[in-house]
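Just below is one structure, and these are the notes that go with it.
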Amino acid sequence: MAVKKRYWLMKSEPEKYPIDQLKEDKTTHWDGVRNYQARNFMRDDMKIGDGVLFYHSNAKPPGIVGVAEIHKESYPDFTAFDPQDKHYDPKSKHESPTWYMVDVKFVSKFKEIIALNELREMKTLEGMELLRKGSRLSVQPVEKKHFDAIVKRAEKQ
DNA sequence: GCCAACGTTGGC
DNA sequence: GCCAACGTTGGC
């Protein structure tokens, strides 16, 4: 029985991993998330085929740049085991990993970024987590109506 | 570079 | 369990 498709937003700094890189790679593993709430979404709730809004953070301007989808469900984030890695976490053990990641697949890149200031002006996005003051979660759920409104907006570009 | 809004750590 | 100090995120 198919489970209802869910929608997400995932942030990436374009200096580290821009959407163009995902387009080239086609799929990638989403490593380096070190926040428990974000981890729980990835580990427990993300299913193959779920929709993902790809957000560029720490960018000029910040905003949503395209769509991806969940390509592989959660498995241990191996970068946490590597002492040489920036995201190394000695608390995470192979037998009981602390951190998990998923694989995402490129779907589309918007013709133009939908900048954060534009998103804030869209009435249809009222209540969206991303737009909440102080929102910092790098992996967050998105309501279908919000996901659809953003994709629709992108199609009008 | 500043700083608000968190999240984490560790002393008590 | 409380909470001050500290670290991080990320917009501006």
Side-chain angles (χ1 to χ4, degrees), chain A residues 6-25 28-46 50-70 74-104 106-143 145-147 149-154 156-157:
Chain A
R6 298 196 200 198
Y7 300 89
W8 308 95
L9 180 142
M10 298 173 90
K11 298 181 184 175
S12 182
E13 298 187 27
E15 300 230 331
K16 293 176 184 160
Y17 196 88
I19 191 161
D20 286 333
Q21 189 65 50
L22 180 62
K23 188 175 181 180
E24 195 179 312
D25 295 343
T28 193
H29 49 87
W30 206 270
D31 64 284
V33 172
R34 297 292 179 268
N35 170 283
Y36 286 101
Q37 218 183 330
R39 178 208 65 183
N40 291 348
F41 288 134
M42 292 202 295
R43 188 188 61 184
D44 306 333
D45 300 327
M46 286 184 166
D50 283 0
V52 176
L53 296 170
F54 197 109
Y55 181 88
H56 276 174
S57 61
N58 262 322
K60 294 174 196 168
I64 297 170
V65 289
V67 174
E69 68 178 39
I70 302 303
S74 68
Y75 57 104
D77 181 341
F78 52 77
T79 65
F81 304 136
D82 178 3
Q84 311 288 47
D85 196 279
K86 183 175 184 287
H87 300 290
Y88 174 59
D89 182 356
K91 292 196 304 296
S92 188
K93 309 290 185 197
H94 279 89
E95 62 274 18
S96 59
T98 306
W99 304 112
Y100 286 79
M101 60 185 171
V102 296
D103 286 359
V104 302
F106 177 80
V107 173
S108 66
K109 181 187 171 184
F110 297 162
K111 286 199 197 75
E112 292 173 53
I113 187 171
I114 305 179
L116 184 58
N117 58 8
E118 293 176 61
L119 295 168
R120 290 195 192 284
E121 284 170 10
M122 291 173 65
K123 288 280 192 298
T124 48
L125 298 185
E126 213 160 283
M128 189 177 176
E129 165 66 19
L130 178 73
L131 307 180
R132 199 177 52 81
K133 192 182 178 190
S135 168
R136 296 191 314 178
L137 262 186
S138 65
V139 173
Q140 53 183 258
V142 172
E143 291 176 49
K145 62 180 179 182
H146 293 155
F147 185 94
I150 288 162
V151 169
K152 198 170 169 185
R153 166 65 174 261
K156 278 195 282 188
Q157 285 175 344

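Since the structure is predicted, the reported quantities are computational estimates derived from the model, not experimental observations. First the proteins, then the strands, lettered A, B, ... as listed; each starts at 1.
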Exercise for the section: Using whole Å, report how far CG of L9(A) lies from P of dG10(C). Expected result: 10 Å
Handout entry: Whole-Å distance separating the NE2 atom of H56(A) from the P atom of dT9(C)
Key = 17 Å
Problem - Proximity of F54(A) and W8(A) rings by center, below 6.0 Å - result: no
Practice task
Answer yes or no: is there a side-chain heavy-atom contact under 4.5 Å between F78(A) and D31(A)?
Solution key: no
Exercise for the section: Can you tell me the distance, in whole Å, between the CD atom of Q140(A) and the C1' atom of dG7(B)? Expected result: 16 Å
Exercise for the section: Consider only side-chain N and O atoms of T79(A) and R34(A), and report whether a donor and an acceptor are under 3.5 Å apart. Expected result: yes
Problem - Whole angstrom value for the distance that separates C1' of dG7(C) from NE2 of H87(A) - result: 15 Å
Problem - Donor-acceptor pair present, R34(A) side chain and dT8(C) base, under 3.5 Å - result: no
Completion exercise
Closest to the side chain of R132(A), out of dC6(B), dG7(B), dA5(B), is dC6(B)
List the atom pairs, with distances to 0.1 Å, where a side-chain N or O of residues 118-125 of chain A and a protein N or O form a donor-acceptor pair under 3.5 Å, not counting sequence neighbours.
residue : atom : partner : partner atom : Å
E118(A) : OE1  : R153(A) : NH2          : 2.7
E118(A) : OE2  : A115(A) : N            : 3.4
R120(A) : NH1  : L131(A) : O            : 3.1

Fill in the blank from the handout: With the side chain defined as heavy atoms from C-beta on, N35(A) is closest, among dA4(B), dG7(B), dG11(C), to dG7(B)
Exercise for the section: Indicate whether OP1 or OP2 belonging to dT9(C) is found under 4.0 Å from a side-chain N or O atom of K11(A). Expected result: no
Exercise for the section: Could you check which of dG10(C), dT8(B), dT8(C) has an atom nearest any side-chain atom of S57(A)? Expected result: dG10(C)
Exercise for the section: Mind calculating the distance between CG (L137(A)) and P (dT8(B)) to the nearest angstrom? Expected result: 10 Å
Problem - Between dG10(C) (C1') and L119(A) (CG): distance, integer Å - result: 15 Å
Problem - N/O (side chain, Y36(A)) to phosphate O (OP1/OP2, dC6(B)) under 4.0 Å - result: no
Handout entry: Side-chain touch Y100(A)/D44(A), heavy atoms, less than 4.5 angstrom
Key = no
Handout entry: Rounded interatomic separation in angstrom, taking CH2 from W99(A) and P from dG7(B)
Key = 12 Å
Practice task
Looking only at side-chain atoms of P62(A), point me to the closest of dG11(C), dT8(B), dT8(C).
Solution key: dG11(C)
Fill in the blank from the handout: Among the nucleotides dG11(C), dG10(C), dT9(B), whichever has the atom closest to the side chain of S138(A) is dG10(C)
Practice task
Take atom CD of Q37(A) and atom P of dT8(B), then tell me their distance rounded to the nearest Å.
Solution key: 9 Å
